[in-house]
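Down below is the structure, laid out as structure tokens.
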Amino acid sequence: MKKYLLALDQGTTSSRAILFTSSGEPVAVSQKEFRQIFPREGWVEHNAEEIWSTQIDVAKDAIEKAGIEADEIYGIGITNQRETTVVWERSTGKPICNAIVWQCRRTSEYCDTLRRDGLTEPIRRKTGLIIDPYFSGTKLRWILENLPGARSRAEAGELCFGTIDSWLIWNLTGGRVHATDYSNASRTMMFNINTLRWDDELLSLLGVPKRMLPEVRESSGNFGYTEKSLFGAEIPVAGVAGDQQAALFGQCCYSEGSVKNTYGTGGFLLMNTGERPVFSKNGLVTTIAWSVDGRVNYALEGSVFICGAAVQWLRDGMGLIASAPETESVARSVPDSGGVYFVPAFVGLGAPYWDPYARGAVFGITRGTTRAHLIRAVLDSMAFQTADVIGIMQKDSGIYIPALNVDGGASGNDLLLEIQADLLGRRIIRPSCVETTAMGAAFLAGLATGAVDSKEDIAAHRRIAAEFEPRADDAERRVRIDGWHRAIRGTVAFSEHPSN
Ligand code: ADP
């Protein structure tokens, strides 16, 4: 009798496995960290074999902890750190070098060349992406250029490329399946999100032989069965999506205009734009959310560089709080920030301002300003930045956003969500299970294996922990947002931009 769904959540710092019931209740969790490798300033690598070994260990451990048999599992859903690039030998399954992690900046100069060659617009129109070392394509090119013999071996069909999902599928199926899903393919800068095919022009630009690429499949469907020796039963790998897209699915954001924000170290916003790609005029990325039942859903994606990281700075840099949750009680001791605005431009300003030279600032300090005001201003800044991104998502898409679904570590802060509701003038929804990434992967597998009937069925079982309604009126909202935008202008004016 099958009852469970197993999510493999392969993240940047750890591999996790969560076993869910078919209605989405977590039953067991296991997690293992692995090494971060920094060979040079700005370079980040992972050992792909370590990723696989930690991932399979936690999967077995979660099953053992739950005390269930592998044949009680309907299927496995994979969700993963995106863009990270692995190349391995087809005959042995051995990686030819370390995986190049999404954070790695080693291809910055090559990306500058692409921009200088006027490729920003053509690449955006084909892939939905901005040219950046972040995405897989230039990382793969780097491997093919720099590892002796790599390109000729790839041309001879001896090497496979994959993002982390492909690498896990390959290993889970004992090297029988070389595949990825649409959501991960859309992060490679080699996949045309309009034609839904690998793009021959981009492949030739990057010098990537097509035969090393994985087959692109639906996010929910049969990717193959696990090798019997791994779990003692052949479990179908039945769901695959990149982490942010899986979170959007786990938040039940199935309809056009539904949005989720993950308040973590940074903030990650995704908006479902339905069955058409929306190309942003304000620097948002267009991505494939998933493909289910033969239909591709697109999303707009925007990120806030510094979100919970500003709270970490209050704790570790300033020593103003002992723990992150303390921000809530301290900030509640004052009715508002007392006119203080905090701009956390620690690493520049992202969407919609795009000033890499900007640095953080605090405005509006008076003799009466206290620690509580500053802490409250930090929470405000997390909400202001989110509101800015949501504003451009609405503007770029012309789609009304009725509410915001939230998850991530800082979404446990009720005051932050109250402030967010006021600044957006929209309802904020926090689900009971904030493991939305793993849940999304599990449900993608659930749909393909019959563990759940439909997306409607998943949404009907969704449990909400809390909802926050806006209480501020329009005039009050406008005054606060005007103040924030003045603070942004002040920050930009101070920034050491070459043109200033
Ligand atoms: P990530 O996955 O990006 O590492 P998490 O989703 O685990 O992050 O969230 C951790 C971040 O959220 C940290 O930056 C921390 O400062 C912040 N955070 C956690 N709890 C709270 C809270 N109650 N209030 C405000 N910020 C919080």
Side-chain angles (χ1 to χ4, degrees), residues 7 9-16 18 26 29 31-34 36 44 79-84 101-103 134 164 242-248 250-251 260-270 301-334 337 342 344 346-347 350 360 371-372 374-386 404-421 423 428 430-441 465-466 468:
D9 180 0
Q10 206 303 305
T12 307
T13 55
S14 71
S15 297
R16 302 202 312 148
I18 305 187
V29 186
Q31 174 163 2
K32 249 188 193 169
E33 293 195 1
F34 53 83
Q36 306 292 313
V44 190
T79 180
N80 54 290
Q81 53 164 323
R82 304 175 301 173
E83 299 103 11
T84 296
V101 178
W102 57 272
Q103 297 153 323
Y134 196 83
I164 294 296
D243 52 11
Q244 296 309 319
Q245 288 98 326
L248 190 70
Q251 285 275 20
K260 72 93 192 171
N261 185 29
T262 302
Y263 296 89
T265 309
F268 294 95
L269 285 120
L270 255 76
E301 175 170 330
S303 33
V304 169
F305 300 148
I306 302 294
C307 187
V311 171
Q312 285 166 12
W313 171 78
L314 285 176
R315 187 192 60 197
D316 307 334
M318 301 300 284
L320 283 179
I321 46 169
S323 72
E326 199 188 329
T327 51
E328 180 162 357
S329 53
V330 177
R332 273 197 200 281
S333 69
V334 287
S337 68
F342 174 76
F346 297 167
V347 292
R371 159 179 171 260
L374 182 66
I375 291 170
R376 185 145 183 149
V378 167
L379 296 182
D380 284 349
S381 76
M382 294 159 74
F384 279 127
Q385 296 182 98
T386 303
L404 174 66
N405 299 281
V406 301
D407 52 52
S411 74
N413 188 318
D414 287 0
L415 176 60
L416 168 65
L417 302 186
E418 287 165 23
I419 295 170
Q420 189 72 76
L423 293 180
I428 311 297
R430 183 174 63 210
S432 325
C433 177
V434 284
E435 294 285 3
T436 55
T437 307
M439 206 150 86
F468 302 83

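Just so you know, ligand 1 is whichever comes first in the structure, and atom 1 is the first atom listed for that ligand. Because the structure is a prediction, the values reported are computed rather than measured.
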Derivation of the side chain to side chain contact (heavy atoms under 4.5 Å, CB included) call for M382 and V304: CA-CA 8 Å; M382 294 159 74; V304 169; over 6 Å; no
Residues in ring pair (Phe, Tyr, Trp, His ring centres under 6.0 Å) contact with [X], at least two apart in sequence or another chain:
X	answer
F268	none
Y134	W102
F342	W313

Member of T437, D407, T436 meeting the side-chain hydrogen bond (donor to acceptor under 3.5 Å, both in side chains) criterion with Q251: D407
Neighbouring residues of ligand 1, heavy-atom cut-off under 4.0 Å: G264, T265, G308, A309, V311, Q312, A324, P325, T327, G408, G409, A410, N413
Exercise: identify the closest heavy-atom pair between E328 and D414: OE1-N, 3.2 Å
